[in-house]
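Below, chain A is the first sequence line, B the second, and so on; all start at residue 1.
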2 protein chains.
Amino acid sequence: MDVRTITRCCEPVLTAPLGEDDAEELASAFKVLADPARLRLMSLVANSPSGEVCACDLVVPLGRSQPTISHHLSVLVDAGLLARERRGKWAWYSMVPEKLAVLCQILAPSASC
Amino acid sequence: MDVRTITRCCEPVLTAPLGEDDAEELASAFKVLADPARLRLMSLVANSPSGEVCACDLVVPLGRSQPTISHHLSVLVDAGLLARERRGKWAWYSMVPEKLAVLCQILAPSASC
DNA sequence: GATTCGTATTGACGAGCATCAATCTATCTG
DNA sequence: CAGATAGATTGATGCTCGTCAATACGAATC
């Protein structure tokens, strides 16, 4: 199972025993969400009217250093939860909402489909 | 926001900016899921025909020591994801599926409701 | 080309946690 | 009560990771 490639609805992991490899992979996906700074970053991007946010506008509201913000943004991009686009000196980030829905469906398929 | 007390549907955190305290709490909830041993334990309980599993039947399939299994089960119970019932010498565990659905709805409200 | 500015990377430090061995607690059975 | 068994707790260890200071990279401007 590759969490990052699952796209169709209703792939309920909790309706079949989970092997060690699959569990490791799914745990890695949740690990990305298990950090308050990353959740706040996603929240700020998700609530931007334009649908994207400049990295330069994320350091102050988060209250962390610039390298820390850059690190968390990279983790979110690597996980496929955010998309990065460079424009000149600035980096703009936008949501990839499908990834969240996939994790949701894995957890609670009965609630979604 | 108290993740463990939210019961109604559609409480989309990602449609409103997330404060540091709320983010910390939500991150803690995901941290519980961000471990392969705990995911496998939940998977085994969720797939039990009787709806409950004796702790004595979880040590061997997980391939971890008895104290480690006991530790993870306690974490899951404390998070409200599993319920524990003692019967004599044995401890039986069952799912509390509502908690998973709550996390799902927080993440991807549009997919569920 | 030199400077400036935004972002990414590197290295180091400290906290948190998954794990196990040893021990303790509780319950059942002679 | 004594022994046995299931589960929880304690203490220690090693690893992961969030964080920051310092630095490197890249693009725009002069």
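B:Leu44 pairs by the side-chain contact (heavy atoms from CB on, under 4.5 Å) definition with B:Leu58, B:Pro61, B:Leu62, not counting sequence neighbours. When the side-chain hydrogen bond (donor to acceptor under 3.5 Å, both in side chains) test is applied to A:Glu52, the partners found at least two apart in sequence or on another chain are A:Arg87. The side-chain contact (heavy atoms from CB on, under 4.5 Å) search around A:Glu20 returns A:Glu24, B:Pro36, B:Arg40, B:Arg64, not counting sequence neighbours. Residues meeting the side-chain hydrogen bond (donor to acceptor under 3.5 Å, both in side chains) test with B:Ser74, sequence neighbours left out: B:Arg84. Under the side-chain contact (heavy atoms from CB on, under 4.5 Å) criterion, B:Ser70 pairs with B:Gln66, sequence neighbours left out. With sequence neighbours left out, A:Ser65 forms a side-chain hydrogen bond (donor to acceptor under 3.5 Å, both in side chains) with A:Thr68.
Against DNA chain D, the stretch residues 82-94 of chain B makes heavy-atom approaches under 4.0 Å through B:Arg84, B:Arg86, B:Lys89, B:Trp90, B:Ala91, B:Tyr93.
With rounding to whole Å, B:Leu39 atom CG is found 14 Å from C:dA18 atom C1'. Per the geometry, CZ belonging to A:Arg40 stands 15 Å off C1' belonging to D:dG18, to the nearest Å. A:Leu76 places its CG atom 13 Å from the C1' atom of D:dG18, with the value rounded to the nearest Å. As a whole-Å value, the separation of B:Leu62 CG from C:dC20 C1' is 15 Å. Note: CG (B:Asp57) to C1' (D:dT5) measures 15 Å, nearest angstrom.
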Scoring nucleotides 19-25 of chain D by protein non-hydrogen atoms under 4.0 Å (B base, S sugar-phosphate only, - none) yields BBBB---
Under the rule of Watson-Crick or G-U wobble with both distances under 3.5 Å, where | means paired to another strand and [ ] a crossing pair, DNA chain D maps to ||||||||||||||||||||||||||||||
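When all heavy atoms are compared, the tightest approach of A:Ala16 to B:Ser43 is O-OG, 3.1 Å.
Taking every side-chain heavy atom of A:Ser70 into account, C:dA8 is the closest of D:dG7, C:dA18, C:dA8.
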Original post:
Step by step, would you call A:Leu33 with A:Leu100 a side chain to side chain contact (heavy atoms under 4.5 Å, CB included)?
Top reply: CA-CA 10 Å; A:Leu33 297 174; A:Leu100 281 182; 4.2 Å; yes
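Within the structure, the side-chain hydrogen bond (donor to acceptor under 3.5 Å, both in side chains) test picks out the following pairs touching residues 28-38 of chain A (sequence neighbours left out): A:Arg38-A:His72.
In this structure, B:Trp90 belongs to a hydrophobic cluster whose other members, linked by side-chain heavy atoms under 4.5 Å apart, are B:Trp92.
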